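Nothing here was measured: the structure is a model prediction, and the numbers come from that model. This chain uses plain numbering: 1 for the first residue, then up along the sequence.
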Amino acid sequence: MADLRDVLLVDGYNMIGAWPELASLSQIDMNQARDRLLERLADYQAFTGRRVIAVFDAYRIPGKGKSFEQGKVEVYFTKEKETADEAVERFAAQLKGKRRSVYVATSDFVEQSVAFAQGALRMPALELLTEVEQSEREIGKRIAEQAQRGSRNTIDGKLTPEQLRLFERWRRQ
């Protein structure tokens, strides 16, 4: 059966530059910034159920044209001489269907005008950051509620909220 979930296409380095936490982290270590973005997107994906595809320009990392899953986020590094914007446009064209919406998260509207002309919906970088932070708060709230309800006679009653958060992340992967 076809996957009819909404799709979020994320221009990875664009988000790293637009989110303050990641922009400052990228000045120290770009790999850490990229991993932190993917970690936060994985939590967001698990909370919303949207299919998330993070696209990165491959000139910053070896393995051009490489794709893999990290958590449940699909990660794609562009092919040689292909920009992330071109890859996003290609994915938007391939994924557009009558029963799902395709969102493009970017801070640069002009670069993605072709994807938007194909019917993709724009999600500004700061709007995505707000949604990610909201999903993280909701996940934390649910874990805290479970910890309060939990009995000390059950395994979850004996774990700290941080341990529960870690197990919840593992469960979603």
Minimum heavy-atom distance Ala120-Ala92, with the two atoms named:
CB-CB, 4.4 Å
Check: Val55 and Val10 side chains under 4.5 Å, non-hydrogen atoms:
no
If you round to the nearest 0.5 Å, how far is CE of Met30 from CG of Leu22?
9.5 Å
Residues forming a side-chain contact (heavy atoms from CB on, under 4.5 Å) with Glu86, sequence neighbours excluded:
Glu82, Thr83
Please tell me whether Leu25 and Leu41 are part of a single hydrophobic cluster in this structure, the criterion being side-chain heavy atoms less than 4.5 Å apart.
no
Show your reasoning for whether side chain to side chain contact (heavy atoms under 4.5 Å, CB included) applies to Val104 and Leu121.
CA-CA 6 Å; Val104 176; Leu121 303 169; over 6 Å; no
With the side chain counted from C-beta on, respond yes when Phe56 and Leu37 share a heavy-atom pair under 4.5 Å apart, and no when they do not.
yes
Glu69/Val75 under side chain to side chain contact (heavy atoms under 4.5 Å, CB included): CA gap, chis, key distance, verdict:
CA-CA 6 Å; Glu69 277 197 19; Val75 181; over 6 Å; no
Rounded to the nearest 0.5 Å, how far apart are CZ of Phe47 and CD of Glu138?
4.5 Å
Mind running side chain to side chain contact (heavy atoms under 4.5 Å, CB included) on Arg34 and Tyr13 for me, showing each step along the way?
CA-CA 8 Å; Arg34 188 174 41 251; Tyr13 290 123; 2.6 Å; yes
Beyond-backbone contact of Val73 with Tyr44, side-chain heavy atoms, under 4.5 angstrom
no
Any Pro20 side-chain heavy atom under 4.5 Å of Leu129 side chain
yes
Considering only NZ, NE, NH1 and NH2 on the basic side and carboxylate oxygens on the acidic side, decide whether Arg40 and Glu21 come within less than 4.0 Å.
yes
Roughly how far apart are Met123 CE and Thr130 OG1, rounded to 0.5 Å?
10.0 Å
Ala125 versus Met15, closest heavy-atom pair with distance
CB-CE, 3.6 Å
Side chain of Asp57, backbone of Ala84: donor and acceptor closer than 3.5 Å?
yes
Please lay out, stage by stage, how Leu128 and Trp19 fare under the test side chain to side chain contact (heavy atoms under 4.5 Å, CB included).
CA-CA 10 Å; Leu128 177 59; Trp19 293 6; 3.8 Å; yes
In Å and rounded to the nearest 0.5 Å, what is the CD to NZ distance from Gln134 to Lys141?
9.5 Å
Would you indicate whether the side-chain heavy atoms of Ile53 and Leu8 approach each other to under 4.5 Å?
no
Does some side-chain heavy atom of Gln45 sit less than 4.5 Å from a side-chain heavy atom of Arg50?
no
Contact summary for Ser26 and Ile16, nearest pair of heavy atoms
CB-CG2, 3.7 Å
Any residue meeting side-chain contact (heavy atoms from CB on, under 4.5 Å) with Asp35, in chain and number order, not counting sequence neighbours
Gln70
Within the structure provided, determine whether Thr48 and Asp6 are in side-chain contact (heavy-atom separation under 4.5 Å).
no
Does Glu133 have any salt bridge (Lys or Arg N to Asp or Glu O under 4.0 Å) partners at least two apart in sequence or in another chain, and if so, which?
none
Could you check if a side-chain atom of Val132 sits within less than 4.5 angstrom of a side-chain atom of Asp43, using non-hydrogen atoms only?
no
